[in-house]
Amino acid sequence: MTWQATILTLFPGMFPGPLGQSLAGRALEDGLWSLDLRDLRDYGLGRHRTVDDTPFGGGAGMVMRPDVVSAAIRDVAAAGRPVIYPTPRGRLLRQDDVRRLTGGPGVVVLCGRYEGVDERVLEACAVEQVSIGDYVLSGGEMAALVLLDSCVRLIPGVMGSDASGTEESFSDGLLEYPHYTKPASWEGRDVPDILLSGHHAAIASWRQTESETATRVRRPDLWAAYRRRTGQDTSDPVSHAADPDRLH
Ligand code: ADE
């Protein structure tokens with residue numbers, strides 16, 4: 001069955017945007033995924049199709065109304081698809097979330113503008129709040145594009161054979177090793193000799209070390225998780241106790 005993305009937005013013109021190009025665009029044309037755009041304005045109230053109002057308790061900005069947003073969500077046949085609200089208040093999106101989402105029937109993404117969406121509709125409609133990083137965008141649309149890109153590339157047949165089995169960075173919880181191509185010498189910088197040696201086992205070992213070093217230096221959080229997972233660090237009993245598989 002085709003992986004289906006429904007986007008609820010006040011700015012439908014922002015889609016498919018970059019997802020209409022390159023691999024995702026080709027896959028969309030080929031029917032490997034489908035994009036269903038809904039303009040939240042169509043669910044707005046009154047002559048002005050109002051979708052937002054001032055926040056209770058005061059403060060700057062406008063909040064999207066729960067009655068308008070719920071009408072849009074309920075109008076979509078979600079049929080087992082999670083409803084996701086991109087927001088900097090959400091849980092950080094990670095590659096294992098992306099894998100889970102791609103493995104299902106698709107997603108419904110609610111894009112917020114203004115200060116946000118009334119909290120009650122998020123509770124009532126079991127909306128999953130997801131952040132794409134610790135910075136603030138002007139709305140959920142760009143985050144929705146990021147989320148969709150990360151999912152669509154994992155749909156079987158979207159990428160060539162390159163990425164099908166693997167997922168580069170994060171497949172084993174480490175950052176990728178560095179890449180090099182021709183020319184072997186460029187502006188006084190040479191490709192590491194080992195890569196020209198033809199010794200496949202030595203190259204694999206060099207790449208593993210480079211991956212580990214990059215992860216340790218740049219992402220101590222991923223490094224700690226990797227060390228725990230691979231049994232190299234048993235110093236944190238709390239994380240083991242928190243792993244439900246270890247209770248049995
Ligand atoms: N909307 C605004 N900022 C965002 C972020 N960092 N992640 C997801 N959605 C957002």
Side-chain angles (χ1 to χ4, degrees), residues 3-21 24 33 35-44 50-66 68-73 76 78 81-104 106-155 167 169-170 175 218-222 225:
W3 196 82
Q4 191 182 18
T6 296
I7 310 292
L8 310 176
T9 174
L10 288 166
F11 299 93
M14 290 176 75
F15 297 87
L19 299 180
Q21 309 269 318
W33 65 291
L35 183 61
D36 167 33
L37 286 175
R38 307 290 178 97
D39 191 339
L40 282 168
R41 189 67 61 189
D42 292 343
Y43 301 88
T50 302
V51 297
D52 60 335
D53 214 318
T54 53
F56 280 123
M62 301 288 272
V63 177
M64 291 170 73
R65 294 178 55 116
V68 171
V69 171
S70 66
I73 292 175
V76 171
R81 291 180 296 157
V83 181
I84 297 176
Y85 171 50
T87 165
R89 295 189 67 224
R91 195 170 45 76
L92 198 61
L93 180 73
R94 304 179 70 102
Q95 189 66 19
D96 42 353
D97 300 305
V98 172
R99 265 182 235 124
R100 168 179 57 89
L101 293 173
T102 306
V107 290
V108 176
V109 187
L110 166 66
C111 300
R113 284 266 149 181
Y114 317 113
E115 288 308 297
V117 175
D118 187 289
E119 190 69 18
R120 293 167 294 177
V121 72
L122 302 177
E123 291 165 13
C125 297
V127 174
E128 247 185 84
Q129 301 186 50
V130 166
S131 169
I132 64 159
D134 292 336
Y135 43 81
V136 181
L137 303 169
S138 50
E141 284 79 7
M142 303 274 245
L145 290 168
V146 167
L147 171 71
L148 291 186
D149 183 82
S150 65
C151 290
V152 165
R153 65 185 285 284
L154 295 185
I155 296 172
E167 285 171 40
S169 288
F170 304 122
L175 301 182
R218 297 176 186 172
R219 293 294 302 274
D221 56 329
L222 294 180

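Side chains are part of it too, since the values below use all heavy atoms of this structure and drop only hydrogens, waters and symmetry mates. Both counts, for ligands and for their atoms, begin at 1 and track the order of listing.
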> Taking side-chain contact (heavy atoms from CB on, under 4.5 Å) as the definition, give me every residue that meets it alongside Gln21, ordered by chain and number, with sequence neighbours left out.
none
> So, taking the atom named OG1 in Thr102 and the one named CZ in Arg153, what distance separates them when rounded to the nearest 0.5 Å?
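Going from OG1 on Thr102 over to CZ on Arg153, the span is 9.5 Å.
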> Could you give the side-chain donor-acceptor pairs of residues 131-138 under 3.5 Å, partners two or more places apart or in another chain?
unit_1: Ser131; atom_1: OG; unit_2: Gly133; atom_2: N; d: 3.1
unit_1: Ser131; atom_1: OG; unit_2: Gly133; atom_2: O; d: 3.0
unit_1: Tyr135; atom_1: OH; unit_2: Ile132; atom_2: O; d: 3.0

> Could Arg100 and Asp97 be called an ion pair, given the rule that one side-chain N must be under 4.0 Å from one carboxylate O?
yes
> I'd like to check the side chain to side chain donor-acceptor pair (under 3.5 Å) partners of Asp36; sequence neighbours left out, ordered by chain and number.
Thr6, Arg38
> Over all heavy atoms of both residues, which pair between Pro18 and Leu145 is shortest? Give the atoms and the distance, please.
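Result for this residue pair: CD-CD1, 4.0 Å.
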> At a heavy-atom distance under 4.0 Å, which protein residues reach ligand 1? Sort them by chain and number, would you?
Pro86, Thr87, Pro88, Val130, Ser131, Ile132, Gly133, Tyr135, Val136, Leu137, Gly139, Ala143
